[in-house]
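By convention here, the first residue in the shown sequence is residue 1. All values below come from the heavy atoms of this structure, side chains included, with hydrogens, waters and symmetry mates left out. Both ligands and their constituent atoms are indexed starting at 1 by order of listing.
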Amino acid sequence: MRIRLINPNTTETMTETIADAARLVAAPTTRIEASTSKSGAASIEGHYDEAMSIIGLIEAIRDDPDADAYVIACFGDPGLLAAREFTAAPVLGIAEAAMHAASFVATGFSVVTTLERTRIIAEHLVRNYGMTQHCRRVRAVDIPVLALEDPSSMARARILAECEAAIAEDSSGAIVLGCAGMADLTRYIQDRLQIPVIDGVAAAVKFAEALVGLGLKTSKRGDLAFPLPKVYRGLTADYAPE
Ligand SMILES: O=C(O)C[C@H]1NC(=O)NC1=O
């Protein structure tokens, strides 16, 4: 099978980190093809950035209509329901996937994300995904997303310390990494803290494989039916069904 992995921000190097994490767990028969949004912000750190990322996300799906599944590799899961309208293939958001995976291996988990403002957005996701009884706390290390790629930011050490605090203070049995850019930290943290650490990129890839293996596609009844055919002025992501 073939999964289209979409980084909705415009940072190619982060797409490479994400794709490496996906390929590490993908089945031998799964091909991971990664794309970086052609429009929007270099990092997504708020509602506005998420909104600005959705056209690029939809265009990435439009440009690869025959993937068996799609993964939105941004912890805000931007445009998840719009993407599920746009295609019949399964679409996974890394936040939703990570939270469900964590709920299968622990009775409570903590999320460690980047900025305070995205911490609040992650709390909205916890509620929207029905995870309030599983998520003990959402934490932020207060570093910008792109600092994850800067060794001088000490991001790795600060994230590890926040995970240690989560274990000591939150009664959590698992940690969810709250940013696609943290996808390369899973082993580093898990080996040091001896606790399940879930990166949403890896979780989403495996859930995509499972859904495709079950022959499940996105429902086209109700609110996830294909969009009504119309022209969208000024945009390139017109929806014109075959
Ligand atoms: O919301 C965040 O902090 C993380 C989110 N932003 C981004 O550009 N990729 C992400 O996964």
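Shown here are the salt bridge (Lys or Arg N to Asp or Glu O under 4.0 Å) partners of D63, two or more places apart in sequence or in another chain: K38.
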Checking R84 against E96 for the salt bridge (Lys or Arg N to Asp or Glu O under 4.0 Å) test, could you report, in this order, the C-alpha distance in whole Å, the side-chain angles of both residues, the deciding distance, and whether it holds?
CA-CA 14 Å; R84 286 177 176 163; E96 186 180 36; 2.9 Å; yes

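Side chain of R4 to main chain of A60: no donor-acceptor pair is present (N/O by atom type, distance under 3.5 Å, no hydrogens or angles). Using modelled atom types, one side-chain atom of T11 and one backbone atom of A42 make a donor-acceptor pair closer than 3.5 Å.
Between F104 and F207, the two ring planes are perpendicular [angle over 60°; tilted spans 30° to 60°].
Around atom CE of M154, no more than 12 heavy atoms belonging to other residues, nucleotides or ligands sit under 6.0 Å away.
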Go ahead and list the nitrogen or oxygen contacts between ligand 1 and the protein that come in under 3.5 Å, distances to 0.1 Å, or just say none.
unit_1	atom_1	unit_2	atom_2	d
ligand 1	3 (O)	T114	OG1	2.5
ligand 1	6 (N)	I44	O	2.7
ligand 1	8 (O)	N9	ND2	2.9
ligand 1	8 (O)	I44	N	2.8
ligand 1	11 (O)	F75	N	2.9
ligand 1	11 (O)	A180	N	2.8

